[in-house]
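I have placed the structure first, in the form of structure tokens, so that the comments after it can refer back to it.
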Amino acid sequence: MAEGVRCRIAPAPTGYLHVGNARAALYNWLFARHHGGTFVLRIEDTDRKRSTEEAVGIVMESLRWLGLDWDEGPEVEGPYGPYRQSDRMDLYRTATERLLSDGRAYFCYCTPQELEDRRRAALQRGETPGYDGRCRNLSEEQRRSREAAGHPRAVRFAMPGIDITVHDLIRGEAHFPANDLRDFVILRSDGTPTYLLAAAVDDVEMRMTHVIRGEDLLPSTPRQLQLIEALGTPEPPLYGHLPLIVGPNGQPLSKRHGAVAVEGFRKQGYLPEALVNYLALLGWSYDAKTTFFSREELIEKFDLSRVSHNPAAFDPQKLEWMNGHYLREAEDSRLAELLIAELLHDGVAADPITVAAAVPLVKERMRTVIEGASMLRFLFAEEVNPDQKAAKMLGPDRQELLREAASRLEAVEEWRTGEIERVLRRLQQDSGLSAKQAFQPIRAAVTGTLVSPPLFESLELLGRDRTLGRIRAAAGL
RNA sequence: GCCCCCAUCGUCUAGCGGCCUAGGAUCUCGCCCUUUCAAGGCGGAGACACGGGUUCGAAUCCCGUUGGGGGUACCA
């Protein structure tokens, strides 16, 4: 660690940033920031068909939205670029050639079909499936004849045939028996590198000191360690494997469980600081008590030794609750902007001044921006269509109350919350009704629902004309 | 099949041999506050997967079982 920490997030541009990747990015970023190190973004797009420019853009946008800025990577570049694997093909080819000439890799002429057949046969015999190494010791003659026959060839890495122990930063040691560590393809027959090769080469070339990634990659670590050693690296990176994020039932997290992409959470009205805080705690904890962490606190306190070992179920409800907390803490002006954007997205051109005035009414009762926006809709609608429950509250027996309310409100001198409240409370007392009995019909008439922001404030914001119009309409006037 | 990882309330977790009558958060239920809904306050219910060891003493250490997840590709 002499030169300082260097770690990275290396997403494949699949068109969105999955929460699992987002969390891995966050932990890497926190780790780098905590140690004053360097956080690198590398795009793993060796699978050309699946990656587009647009997909890369979305990944970067999601990272930025989360506030995870990278020190090296696309757009900012850096001393070990380029940072897209598709721009680094020469490197992989060169590395392969060196491995080939060092005798650490060899050409394999087996076809996918043959491989599949042998694999099935081995499974049937109860043996460990995996490459049997048959092309490893081909004679020069055998090789030549296959070349002459035009057989496609892939390049395989020659594993040393020894047991390997991985020292994991998070979970300690993991032992892998030699028999399960078979020779694997590093360069496909079409000349492109596989993940194992590309990641190993890049981690070495980019001087990564720590590789913190999902547990799904733990079994590939002994292979990469060997590859890295064969590449002549004096000091391989240290590895740490994060527990996977799973769905509510312990199954893999999928779209069926709601949003799984960072972009999706943004669209649903979540705040980045809420997602960051939630994700930080999904697999890591600081102590028994602390739940809320600012970005600075996370940087200061984050520590790999406190990352948990077991899979964590993503809990949308807890995220929502946490989002509510951050919404309440957010600046009013920021919320106003988000609400206006959300309303507009919904086809409502909301007046900014009204929204700004309404923010205090909704900020403490919304859990997402979408929810907040829906609470404000009645302020901008032409007319209201009472929902079922509200309609019940507007039966014939409430008409007199509504009429009286309309006439008294018409006489209010200054259309302010205080005045409105005074008049309506007097009405309530005169009517002999309970507050609930008296005010719910008015709420129903004005907002079309029985659940809304506080009534008197709402009436002020709605304005006298529309308030009276709605009450009268509900009273059948 | 084989290999690897993991195992505390429904969920996220604290716990790293006695401080545990197992703590916090979320969810849920009740009460208070209250014009509705929230927010807030108070209270309740809710977990050490199982079986063996080790030890004066085990949620904590060891072994096994069971369960879950991951891997086993010319995907990443």
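Just so it is clear, the structure is predicted and the values come from calculations on it, not from any experiment. So that the names make sense, note that chain A is the first sequence line, chain B the second, and so on, each numbered from 1.
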For nucleotides [N] and [M], find the distance between their [atom1] atoms and express it as a whole number of Å.
{"N": "U21(B)", "M": "G68(B)", "atom1": "C1'", "answer": "31 Å"}
{"N": "A7(B)", "M": "C61(B)", "atom1": "P", "answer": "9 Å"}
{"N": "C2(B)", "M": "A58(B)", "atom1": "P", "answer": "35 Å"}
{"N": "G52(B)", "M": "G71(B)", "atom1": "C1'", "answer": "31 Å"}
{"N": "A49(B)", "M": "C9(B)", "atom1": "C1'", "answer": "14 Å"}
{"N": "A38(B)", "M": "C32(B)", "atom1": "C1'", "answer": "16 Å"}

Give a yes or no answer on whether the side chain of R136(A) reaches the backbone of D132(A) with a donor-acceptor pair at less than 3.5 Å.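 No: the side chain of R136(A) does not pair with the backbone of D132(A).
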Side chain of [X] only, heavy atoms from C-beta on: which candidate in [options] is closest?
{"X": "K318(A)", "options": "C27(B), U35(B), G24(B)", "answer": "G24(B)"}
{"X": "R328(A)", "options": "A39(B), C74(B), U36(B)", "answer": "A39(B)"}
{"X": "L123(A)", "options": "G1(B), C3(B), A38(B)", "answer": "G1(B)"}
{"X": "S452(A)", "options": "U11(B), U36(B), C5(B)", "answer": "U36(B)"}
{"X": "A174(A)", "options": "C4(B), U26(B), C74(B)", "answer": "C4(B)"}
{"X": "R365(A)", "options": "A38(B), C74(B), G69(B)", "answer": "A38(B)"}
{"X": "P311(A)", "options": "C74(B), C4(B), C6(B)", "answer": "C6(B)"}

Min side-chain heavy-atom separation R425(A)-F439(A) under 4.5 Å: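 Yes, side chains in contact.
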For the pair made of CG in N249(A) and P in G67(B), what is the distance, rounded to whole Å?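 Going from N249(A) (CG) to G67(B) (P), I get 18 Å.
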Identify the nucleotide, in any strand shown, that forms a Watson-Crick or G-U wobble pair with [N], with both distances under 3.5 Å; if there is none, say none.
{"N": "U21(B)", "value": "none"}
{"N": "G51(B)", "value": "C63(B)"}
{"N": "C2(B)", "value": "G71(B)"}
{"N": "C16(B)", "value": "none"}
{"N": "A58(B)", "value": "none"}

Atom pair CE (M159(A)) and CD1 (I164(A)), whose distance is rounded to the nearest 0.5 Å: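 Answer for the CE-CD1 pair, M159(A) versus I164(A), is 4.0 Å.
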Within the 4.0 Å heavy-atom criterion, would you say G283(A) contacts the bases, only the backbone, or no part of the nucleic acid?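 Here G283(A) touches the backbone only, sparing every base.
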If you look at every strand shown and take non-hydrogen atoms under 4.0 Å, does Q251(A) touch a base, only sugar-phosphate, or nothing?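 Answer is sugar-phosphate: Q251(A) comes under 4.0 Å of backbone atoms only.
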Under 3.5 Å donor-acceptor pair, K289(A) side-chain atoms to A25(B) base atoms: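 Per atom types, no contact qualifies.
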For the base of C74(B), is there a side-chain donor-acceptor partner from T194(A) under 3.5 Å away?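 Result: no qualifying N/O pair found.
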Hey, are R334(A) and E273(A) close enough for a salt bridge, meaning a charged N less than 4.0 Å from a carboxylate O?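 Yes, this pair counts.
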May I ask you to decide whether E116(A) forms a salt bridge with R118(A), counting only side-chain N to carboxylate O separations under 4.0 Å?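 Answer for the salt bridge query: no.
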Look at the rings of Y326(A) and F292(A) and say which category their plane angle falls in: under 30° parallel, 30 to 60° tilted, over 60° perpendicular.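 Judged by the thresholds at 30° and 60°, the geometry between Y326(A) and F292(A) is perpendicular.
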